[in-house]
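Reviewing the structure listed below.
These values consider heavy atoms only, across backbone and side chains, with no hydrogens, waters or symmetry-generated copies. So you know, we letter chains A, B, ... as the sequences are listed, proteins then strands, and number each from 1.
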2 protein chains.
Amino acid sequence: MDAEAQRGEEWADVTPDAARRLVTAAVEAFAERGYHATTTRDIAGRAGMSPAALYIHYKTKEQLLYRISSVGHRLALDLLTAARDGGGTPVERLAEAVRSFVRWHAEHHTTARVVQYELGALAEDHYAEIVALRRGSDGAVRSIIEDGVRSGDFDVPDIPGTALAVLSLCIDVARWFNADGRRTPDEVGAFYAGLALRMVGAGTPER
Amino acid sequence: MDAEAQRGEEWADVTPDAARRLVTAAVEAFAERGYHATTTRDIAGRAGMSPAALYIHYKTKEQLLYRISSVGHRLALDLLTAARDGGGTPVERLAEAVRSFVRWHAEHHTTARVVQYELGALAEDHYAEIVALRRGSDGAVRSIIEDGVRSGDFDVPDIPGTALAVLSLCIDVARWFNADGRRTPDEVGAFYAGLALRMVGAGTPER
DNA sequence: CGGATGCCTAAGCGCTTGCTCAGCTTCGGG
DNA sequence: CCCGAAGCTGAGCAAGCGCTTAGGCATCCG
C-alpha cells in the first residue's frame, strides 16, 4: 500500500469529497511546516480550491487540527486498548501494543507528527479532551506492565516511569521516520517490540 | 540550583545584558508557544523593552532561534563526545552518555524543547549546520554501542537502529519533563541510563 | 417550471506580523 | 564642555493573516 492509498483509507469516512481533500491537505501542510506556519490559503490551494471554500466545511483552521488530532488519538488509543484486552501473556500483549502502535506511527508518520507534536495549538477545551485520551493510552500501557510485574514476567523498578518511557520511545518514531528510509513500518514495529521487552526486563531471557 | 539561576548560567557568555535578557525571553516564549506562534513583541515584552530594541542585538527573529539552537546542540554534542572519549568500559560510557544527556534535557527542558522541536523553523543554511551537529551526536552514541558489541558487553542486532532509539528516547524527555513532577533530573538520568543498558542487552545481567 | 439547497469563487475587511526609522537619552574620552 | 557612539523608544509601513460577504452556478424536489 502506498502513501496515497493510505491517506485515502485513513480519512475515508470524511464526507463530502471536498472536506476529505481539505483534511488530507491540512495533514500534509501541518506536518511539513507546523500548524502556525501553515496558512488557510496553503491548505485550500493543496486541496485545489479557493481559501473561502475551506470555511464551508470547517468553521475555523483550529477545527481542522482538532478533527485530525481527535481521529488520530482515538485510533492510537484503540490500538493500545485492543492489545491490553487481547489474549495472551503480558509479554505477548506488550509486544503487540508496541508493534501496532509503532507501525501506525511509522506508516502514518505524517498524520502522527501532527497528532503528537501540534496539540499545543488546540483550543483549551479541545486540548483538555485530547489530554484525556492520552491519559487513556498511558493507562493501557501501564496496565499491561503491571500485569507483567504481577505475573513475574517483567522486572520493573518504576512502573509509571517505564510506561512513560516505552510510550515516549514509540511516539518519537513519528519524528524521525522516513518512508524512503532503510526500514519498513513492519520492521520498525518488530524491532521496537523487542526493545520494549528488554526495557521491562523480559527481553532475550537466555542471557 | 533553581531554574532562574540555571538560565543565568546557561547564557552567561551572551553580552551585553540586554542581548542575554532577549535570548532567555525567546527561549521561554519559543518553548511555550513554538517559534511561529511567538511574536517579536512578546519576546521584547518579556525582556522588558520595546519591539524595536530587539533588532539592535539580533538581525532577525530567526537569528535568535539559530543562536539558541546552535548553543544547545553544541552543548548536547559535547556531553556525548565527552562520554564517548571518557575512560571506562562501554557499559560505563553508555551509562554516562545517557545519564548526562538526559539530565541536561530534564534540567534545561525549556531550552531543550526549543533545540529539539523547533529546528524546522531555521533558515536553510542554518538548518544544514545544525543537522551536521546532530549527525555528530548520533555518531557518538553509535560508536559507544559498536565498542560494546565488539567487546561482547552488548548484544545488539541493529546498531544504527539501536543508537537512534536510545537517542530518541533521551530526546523525548524534553517533551514530557516537568520541573514540578515526581522525579528530579538526576533521578530521570539514572533511570534512563539503566533502560539504555537493558536496550543494548547489558542491563540486569543476573537474569 | 420555480425555488430552495449545496458548493464554490472573487474580492476584500480588519487586524497582526516582522521589521524600520527618526530622534531621544546616557555616558566615557579628549 | 562637547562629541560621537551605544542603547533605546514611539510611530508606523508593507505584507500577510484568518475569516466574511455577495453572488454565481449547478442539482434536485414540488
Any chance you could lay out the side-chain contact (heavy atoms from CB on, under 4.5 Å) test for B:Val23 and B:Tyr58, step after step, and finish with the verdict? CA-CA 10 Å; B:Val23 87; B:Tyr58 301 93; 3.8 Å; yes
Determine, for A:Arg93 against A:Glu96, whether the closest basic-nitrogen to carboxylate-oxygen distance falls under 4.0 angstrom.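 Salt bridge absent between A:Arg93 and A:Glu96.
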Pairwise distance OG(A:Ser168) to CG(B:Leu169) - rounded to 0.5 angstrom: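 Interatomic distance, A:Ser168 OG to B:Leu169 CG, rounded to 0.5 Å: 5.5 Å.
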Near DNA chain D, which residues from residues 61-69 of chain B have a heavy atom under 4.0 Å away?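 Result for residues 61-69 of chain B: none.
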Strand-adjacent residues in residues 120-128 of chain A, judged by heavy atoms under 4.0 Å from DNA chain D: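 Listed by number, there are none.
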Checking B:Val71 now: which residues fulfil side-chain contact (heavy atoms from CB on, under 4.5 Å) with it, not counting sequence neighbours?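 Checked B:Val71 against side-chain contact (heavy atoms from CB on, under 4.5 Å); matches are B:Trp11.
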Name all residues meeting the side-chain contact (heavy atoms from CB on, under 4.5 Å) criterion together with A:His57; count only those two or more places apart in sequence or in a different chain, and write none if there are none.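 side-chain contact (heavy atoms from CB on, under 4.5 Å) list for A:His57, sorted by chain: A:Pro16, A:Ala18, A:Ala19, A:Leu22, A:Met49.
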First and last nucleotide of DNA chain D, 5' to 3', lying under 4.0 Å from heavy atoms of chain A: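 Both ends considered, the range comes out as D:dC17 to D:dT21.
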B:Leu54 CG to C:dT20 P: how many Å, rounded?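 My rounded result for the distance is 11 Å.
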Mind listing the closest non-hydrogen atom pair of [X] and [Y] along with its distance?
X       : Y        : result
A:Thr40 : A:Leu54  : O-CD1, 3.9 Å
B:Val98 : B:Ala196 : CG2-CB, 3.6 Å
B:Pro51 : B:Ala44  : CA-CB, 3.6 Å

By the side chain to side chain donor-acceptor pair (under 3.5 Å) test, which pairs, at least two apart or in different chains, include something from residues 114-129 of chain B?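 Listed by first then second residue: B:Glu62-B:His126, B:Tyr66-B:Glu129, B:Arg74-B:Glu129, B:His105-B:Gln116, B:Gln116-B:Arg134, B:Tyr117-B:Asp172.
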Would you list the pairs meeting side chain to side chain donor-acceptor pair (under 3.5 Å) in which at least one residue belongs to residues 76-85 of chain B, sequence neighbours left out?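 For residues 76-85 of chain B: none.
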Going 5' to 3' through nucleotides 6-11 of chain C and flagging B where a protein heavy-atom sits under 4.0 Å of the base, S where only the sugar-phosphate is that close, and - otherwise, we get -SBBB-
Its contact letters, B for base, S for sugar-phosphate only and - for none at protein heavy atoms under 4.0 Å, make nucleotides 23-29 of chain C read -------
Give me the residues of residues 33-41 of chain B where at least one heavy atom lies under 4.0 Å from an atom of DNA chain C, by number, or none.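 B:Thr38, B:Thr39, B:Thr40, B:Arg41, in order of number.
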Is there side-chain contact between A:Lys61 and A:Tyr35, with at least one heavy-atom pair below 4.5 Å?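 Contact flag for A:Lys61/A:Tyr35 side chains = yes.
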If you look only at pairs with a residue in residues 176-193 of chain A, which of them pass as a salt bridge (Lys or Arg N to Asp or Glu O under 4.0 Å), with sequence neighbours excluded?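 Of all non-adjacent pairs touching residues 176-193 of chain A, those that pass salt bridge (Lys or Arg N to Asp or Glu O under 4.0 Å) are A:Arg103-A:Asp186, A:Arg182-B:Asp158, A:Arg183-B:Asp158.
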Name all pairs fulfilling the salt bridge (Lys or Arg N to Asp or Glu O under 4.0 Å) condition that reach into residues 46-58 of chain A, sequence neighbours left out, sorted by first residue then second.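 Qualifying pairs: A:Glu28-A:Arg46, A:Glu32-A:Arg46, A:Asp42-A:Arg46.
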Are the side chain of B:Arg20 and the backbone N or O of B:Val14 linked by a donor-acceptor pair below 3.5 Å?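 Checking the backbone N and O of B:Val14 against the side chain of B:Arg20, a donor-acceptor pair under 3.5 Å is found.
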